[in-house]
Amino acid sequence: MTSKLKIYNTLTNKKEDFKPIDPTHITMYVCGPTVYDYAHIGNARPVVVFDTLARLLRHDYGKLTYARNITDIDDKIIEASKKTGDDISVITEKFARIYEEDMAALNADMPNVVPKATDYIAEMITLIKDLIDKGNAYEVDGHVLFQVSTMKDYGELSNRKVEDLLAGARVEVASYKREAPDFILWKPSSDDQPGWDSPWGRGRPGWHTECSAMIDGIFDGNTIDIHGGGQDLIFPHHENEIAQSKCSHDGKALANHWMHNGYLTVDGEKMSKSLGNFITVHELLEEFRGMGEAIRMCLLTAHYRQPVDFSRDGIIQARKQLIRWYNATKEVEPTKPSIAVLDALRNDLNTPKAIMELNQLAKDESKKGELLASAQLLGLICEDHDKWRGGASVVSGGGTITTSGTAEYTTESVDKLVAERTEAKKEKNYSKADEIRNDLASKRVTLLDHPDGTTTWEKS
RNA sequence: GGUGCGGUGGCGGAGAGGCUACGCAACGGAUUGCAAAUCCGUGUACACCGGUUCAAAUCCGGUCCGCACCUCCA
């Protein structure tokens, strides 16, 4: 299948035609999580963005191998293990599982391959040996470092010059480094730290090593079409991956197209663990139960390279739009995605434009099938329509409804009031019916009357 | 200091020389016992100053402001 997909390439800072290496089989690798804690909503952005791209690539080209790694060996994990007393593997397995569940709730499909760093230690050791043999890396006291100045085109991704890096070191340079920008490929582990035997003693890999080794292993040493991740990975992570892979492969490119998503911000500032201004996907899914799709949509309302300022209002807005589309596509069978939506997505994944086109389709009674198929290409309108109809969705869980600053209502007491109101309506006692409606409205419970005389309700 | 991304109506957010998206909110109307949903209709915009052009939100120059990376971070 032909496509006129255009992608902004960080390597050239230009929007370019996407030229697949093999148009019958696209290859993509995206940096995944370090599993030591819950993922925050900012961490979910690349997942949703690249999941959407994966859907488009599968639609346009048929076959895609999409890999997303799990970093399950890292100093942060070691710290977490010290704190909780749990074994490393207990922590990594737990948070890897939660990550997958949370991302699934955002309608993000599992990638085809989900490699774990600890399954690729042997490959990493081979890579490091190779880099030492080729003169790009050196060993000092159990550490192995990549010597940046040995690579002439280092800095091509982030537009950095080695001279500047050599001169402008801001951080204190570790004593074992030959030069300031050198980065760790392998580091020694103490007895209480996890480690693997290597030619340089017992130790563990540096952060960047795994991606190069895994891409090598999964894609047989071939250049891949797309490598993606968040903007903060451009330097040093992706720059260093390029350095490792290119030097090991005699200058062959690691990936042709480098894509980086913008940040999710809070009050205009990047959401990050260190700033403490984060909210986890897990919490958000608790708060907006069953609304994973609205959270997904919220992340797609801005172009992937632009910042998205997180707000609960954004999720509520997205939810309203989704409800409209759900209502419009009841009993509708998906046909084919509309050309307008496809064109928007093929233009550097312009999801806001695509959403606009969905709204256009929603206005046309004859295009409901296209609307459904197009929305599903974006990973939206994928759920049971009944779940989204009316408002039944929000409260289906039951239990206590906490309303800010007012009395608490339970699903039972609301149901009882609704039944009372239904009686009142039958008796044409509308003043009483309205009283109940207003009372519940003040508790942010909205009643919905249906043509058949029944009433459902939702928490707003 | 270097590198990159921005500043669009009340809000979110596309567009990138002429046709001034779209959504949310607001307002008016139809409909509804009242609401909700739906339908019809209305308004307000391109940070600032110059320049190029018949025509600039869009191109060029400058100014101001914001964010990010340069250290672990999606």
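Order of the sequence lines fixes the chain letters, A, B, ..., with proteins taken first and strands second; residue numbering starts at 1 for each chain. Remember, predicted model here, so these are calculated numbers, not experimental data.
Using a 4.0 Å heavy-atom distance criterion, A:E357 is classed as making no nucleic acid contact. Among the heavy atoms of the strands, none lies under 4.0 Å from A:K428. Using a 4.0 Å heavy-atom criterion, one finds that A:N350 contacts the sugar-phosphate atoms exclusively. Contacts of A:R68 with the nucleic acid, taken as non-hydrogen atoms under 4.0 Å apart, are absent. Residue-level contact check: A:L358 touches neither bases nor backbone, having no heavy atom under 4.0 Å from any strand. At the heavy-atom level, A:G229 lies under 4.0 Å from the strands shown only through sugar-phosphate atoms. Among the heavy atoms of the strands lying under 4.0 Å from A:H303 are primed sugar atoms or P, OP1, OP2 only; no base atom is included. Using a 4.0 Å heavy-atom criterion, one finds that A:K270 contacts the bases of the nucleic acid, with or without backbone contacts as well. Nucleic acid contact class of A:F278 (heavy atoms, under 4.0 Å, all strands): none. No contact: A:I234 has no heavy atom under 4.0 Å from any strand.
When each of B:rA14, B:rG33, B:rA74 is scored by its nearest atom to the side-chain atoms of A:Y430, the top-ranked nucleotide is B:rG33. Distances from the side chain of A:Q317 to the nucleotides B:rA14, B:rA68, B:rC24 place B:rC24 closest. Ranking B:rA74, B:rG33, B:rG23 by closeness to the A:N359 side chain, first place goes to B:rG23. The side chain of A:N159 approaches B:rG4 more closely than any other nucleotide in the set B:rC70, B:rA74, B:rG4. Out of B:rG23, B:rA21, B:rA37, the shortest distance to the side chain of A:K363 is found at B:rG23. Candidate nucleotides B:rA21, B:rA74, B:rG6 were compared by shortest atom distance to the side chain of A:Q306, and B:rG6 ranks first.
Nucleotide B:rG6 is matched to B:rC65 when pairs are restricted to Watson-Crick or G-U wobble geometry with both distances under 3.5 angstrom. The nucleotide B:rA37 finds no pairing partner, because no Watson-Crick or G-U wobble arrangement with both distances shorter than 3.5 Å includes it.
Taking 3.5 Å as the limit, the base of B:rG33 and the side chain of A:D434 contain a donor-acceptor pair of atoms between them. The base of B:rG12 is not paired with the side chain of A:R312 by any donor and acceptor separated by under 3.5 Å. Taking 3.5 Å as the limit, the base of B:rA35 and the side chain of A:R437 contain a donor-acceptor pair of atoms between them. For B:rC70, the base has no donor-acceptor partner in the side chain of A:D164 [N/O atoms by modelled type, under 3.5 angstrom].
Counting only N and O atoms by type, the side chains of A:Y304 and A:D348 include a donor and acceptor under 3.5 Å apart.
Spacing between B:rC22 and B:rA14 at atom P, rounded to whole Å, works out to 15 Å. When the P atom is compared between B:rA47 and B:rG6, the two are found 14 Å apart, to the nearest whole Å. B:rC64 and B:rG28 have their C1' atoms separated by 41 Å, given to the nearest Å.
With RNA chain B read from its 5' end, the first of the two nearest nucleotides for A:Y263 and A:N13 is the one closest to A:N13.
Note: A:C298 SG to A:M291 CE = 13.0 Å, rounded to the nearest 0.5 Å. Considering CE of A:M271 and CG of A:N43, their distance stands at 9.0 Å, rounded to 0.5 Å. Note: A:F219 CZ to A:I224 CD1 = 5.5 Å, rounded to the nearest 0.5 Å.
Using a cut-off of 4.0 Å between Lys/Arg side-chain N and Asp/Glu carboxylate O, A:R312 and A:E287 are scored as salt-bridged.
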*Starting from the C-alpha separation in whole Å, work towards a yes-or-no answer on salt bridge (Lys or Arg N to Asp or Glu O under 4.0 Å) for A:D37 and A:K76.*
CA-CA 9 Å; A:D37 200 355; A:K76 283 205 208 73; over 6 Å; no
